[in-house]
Amino acid sequence: MIVKKILANDGIDNLGKILLEEAGFFVETQKAPEGHLAETINAGNFDVLLVRSATKVTSSIIDACPSLKLIGRAGVGLDNIDVKYAESKGIKVVNTPASSSQSVAELVFAHLFSGVRFLQESNYLMRSQGDTHFGELKKKFGAGTELKGKTIGIIGFGRIGQAVARMAIGLGMDVVASDPFITEAIIPLHILPTGQDIPVPIRTCSLDEVFQKSDFISLHVPGKVNGNAVIGQQEISKMKKGVGLVNASRGGVIDEDALISGLDSGHVAFAGLDVFENEPTPRTELLRHVGISVSPHIGAATQEAQERIGREMAENIIQFFANK
Ligand code: NAD
């Protein structure tokens with residue numbers, strides 16, 4: 001049997017690597033030197049190229065690498081791969097869409113909990129002044145709010161949006177959601193002592209209703225719409241004063257200028273951002289803003305999600321070659 005060769009250019013979780021090796025694949029995890037991806041693939045005669053978000057798989061890479069049969073994206077978004085072109089050349093492209101939903105949803109709540117108790121600023125000030133100005137800081141950060149009883153608006157009610165809804169219901173929040181393609185979703189609430197799922201149906205509504213009703217809004221759309229942000233100045237003006245906004249979907253889905261002016265005017269109380277327009281060099285006004293809780297695009301970066309991604313990717317690859 002000829003051994004199939006996989007270049008995991010952005011790495012692969014150890015479990016995924018073990019599953020592939022046990023199935024007889026050769027897995028290379030040494031990243032190709034910058035600008036030498038095609039050469040590396042051709043020198044090693046790789047059948048599969050696995051990437052996360054860092055490696056760009058352009059039409060010229062695809063043209064230059066006739067040995068490729070499969071391109072795998074360990075994660076959700078396929079915007080770093082020219083999928084149409086790959087498929088037109090008979091190369092299959094697979095991703096692992098469901099594996100990271102829980103991790104992203106939990107990060108959304110990390111930003112929300114942070115925002116309502118001012119943790120993004122208090123962490124910073126406690127470090128430098130906590131031993132000298134404890135009383136002042138206690139007063140400064142002493143008027144937080146609870147999430148329970150508040151309404152969360154979810155824009156984009158797919159896998160991650162629904163995972164956010166499940167956690168919100170568990171916290172005693174009301175959920176309103178908007179999605180042009182989904183009219184209703186059944187959210188399964190898993191009750192541990194009985195092991196049962198209680199189905200909670202949620203019907204989606206218009207974006208305007210989300211803006212009017214929500215105390216917090218979290219975005220879970222695939223990206224910009226025709227190059228435009230989903231949330232700009234006009235949309236922010238329709239939201240409640242004091243709204244908290246979270247974006248862990250794609251950079252630029254909230255217009256960054258509109259967000260900064262919304263925060264500065266006080267219309268937006270706080271924001272949580274995991275994604276930025278200019279990754280990997282986001283605007284410093286966003287990074288340093290006291291009203292923004294920031295993280296470096298780590299929504300899917302938990303050990304559990306990476307293990308699920310590794311397993312799902314290994315199963316995809318094994319299945320693909322089994323059917324050949
Ligand atoms: P999904 O495809 O399951 O859901 C996206 C939903 O958005 C779909 O139901 C779609 O109908 C809806 N939608 C499309 N355009 C819309 C619009 N203009 N307004 C409202 N809804 C709209 O995708 P998912 O798995 O839930 O992922 C959502 C986003 O999260 C993607 O952008 C993905 O790249 C991102 N993501 C980020 C991280 C991270 O590390 N922060 C990790 C995984 C995924």
Side-chain angles (χ1 to χ4, degrees), residues 104-121 144-147 149-158 160-165 167-168 171 173-179 204-225 228-279 282-299:
V104 180
E106 290 192 16
L107 187 68
V108 168
F109 281 94
H111 283 302
L112 282 174
F113 279 122
S114 197
V116 291
R117 306 303 284 270
F118 319 107
L119 295 187
Q120 69 277 4
E121 196 184 358
T145 53
E146 295 178 355
L147 296 185
K150 305 294 187 320
T151 299
I152 184 165
I154 299 171
I155 300 179
F157 207 38
I160 298 174
Q162 293 179 32
V164 168
M167 292 185 67
L171 279 167
M173 301 181 81
D174 248 349
V175 176
V176 286
S178 184
D179 190 304
T204 53
C205 60
S206 68
L207 261 183
D208 277 350
E209 200 172 332
V210 168
F211 297 149
Q212 282 154 20
K213 289 189 171 163
S214 304
D215 300 296
F216 313 102
I217 294 179
S218 189
L219 284 115
H220 301 289
V221 296
K224 289 183 175 182
V225 179
N228 297 316
V230 175
I231 301 296
Q233 202 125 31
Q234 209 193 342
E235 288 74 21
I236 289 177
S237 71
K238 294 180 184 174
M239 296 174 190
K240 285 189 188 178
K241 188 166 178 345
V243 68
L245 292 179
V246 180
N247 185 14
S249 60
R250 275 287 173 266
V253 160
I254 302 180
D255 179 87
E256 294 180 346
D257 288 323
L259 178 63
I260 291 171
S261 38
L263 284 160
D264 291 346
S265 74
H267 196 97
V268 177
F270 70 86
L273 296 180
D274 186 47
V275 289
F276 303 86
E277 186 113 55
N278 299 321
E279 291 180 29
R283 286 167 67 167
T284 48
E285 296 118 287
L286 295 170
L287 301 178
R288 293 184 188 146
H289 202 292
V290 291
I292 310 181
S293 168
V294 282
S295 52
H297 203 150
I298 52 165

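Note that this is a predicted model, so its numbers are computed, not measured.
Checked options Leu245, Leu287, Leu286; the residue passing with Leu273 is Leu286 (criterion: side-chain contact (heavy atoms from CB on, under 4.5 Å)).
When side chains are defined from C-beta on, Ile155 counts as touching Ile231, because their heavy atoms get closer than 4.5 Å. Looking at Val108 and Phe216, their side chains never come closer than 4.5 Å, going by heavy atoms from C-beta outward. For the pair His297/Arg250, a side-chain contact is recorded, criterion being any heavy-atom separation below 4.5 Å from C-beta on. The shortest side-chain heavy-atom distance between Asp274 and Ile298 falls under the 4.5 Å cut-off. A 4.5 Å side-chain heavy-atom check between Phe157 and Gln162 finds at least one atom pair inside the cut-off. Taking the side chain as every heavy atom from C-beta outward, Ser214 and Val176 approach each other to under 4.5 Å. Between Val210 and Glu235, every side-chain heavy-atom pair lies at or beyond the 4.5 Å cut-off. Counting heavy atoms from C-beta outward, Arg283 and His289 have side chains that stay 4.5 Å or more apart.
Among all heavy-atom pairs drawn from Ser249 and Asn247, the shortest one is OG-OD1, 2.7 Å. Between Gly232 and Ala258, the shortest heavy-atom distance links the atoms C-CB, 3.7 Å. Among all heavy-atom pairs drawn from Ile260 and Glu285, the shortest one is CD1-CB, 3.8 Å. Nearest approach of Ala229 to Ile254, heavy atoms of both residues: CB-C, 4.3 Å. In terms of heavy atoms, Val230 sits closest to Gly223 at CG2-O, 4.2 Å. Annotation for Ser218 and His220: closest pair OG-NE2, 2.7 Å, computed over non-hydrogen atoms.
Atom-to-atom distance recorded for Asp257:CG and Gln233:CD is 8.5 Å, nearest 0.5 angstrom. Atom CG of Leu207 sits about 9.5 Å away from atom CG of Asp179, to the nearest 0.5 Å. A distance of 12.0 Å separates CZ of Arg117 from CZ of Phe270, quoted to the nearest 0.5 Å. Taken to the nearest 0.5 Å, the OG1 atom of Thr204 stands 11.5 Å off from the CD1 atom of Ile154. Ile152 CD1 to Leu171 CG: the interatomic distance, rounded to the nearest 0.5 Å, is 9.0 Å. A distance of 12.0 Å separates CD1 of Ile292 from OG of Ser114, quoted to the nearest 0.5 Å.
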Fill in: Full working for side chain to side chain contact (heavy atoms under 4.5 Å, CB included) between Phe211 and Ile217
CA-CA 8 Å; Phe211 297 149; Ile217 294 179; 4.0 Å; yes
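The environment of NZ in Lys240 is crowded: more than 12 heavy-atom neighbours from other residues, nucleotides or ligands sit within 6.0 Å.
At a threshold of 4.0 Å, the pair Lys150-Glu146 does not count as salt-bridged, since none of the basic side-chain nitrogens sits closer than that to a carboxylate oxygen.
A side-chain donor-acceptor contact under 3.5 Å links Asp215 to the backbone of Thr151. The backbone N or O of Glu256 sits nowhere less than 3.5 Å from a side-chain atom of Glu277 that would complete a donor-acceptor pair.
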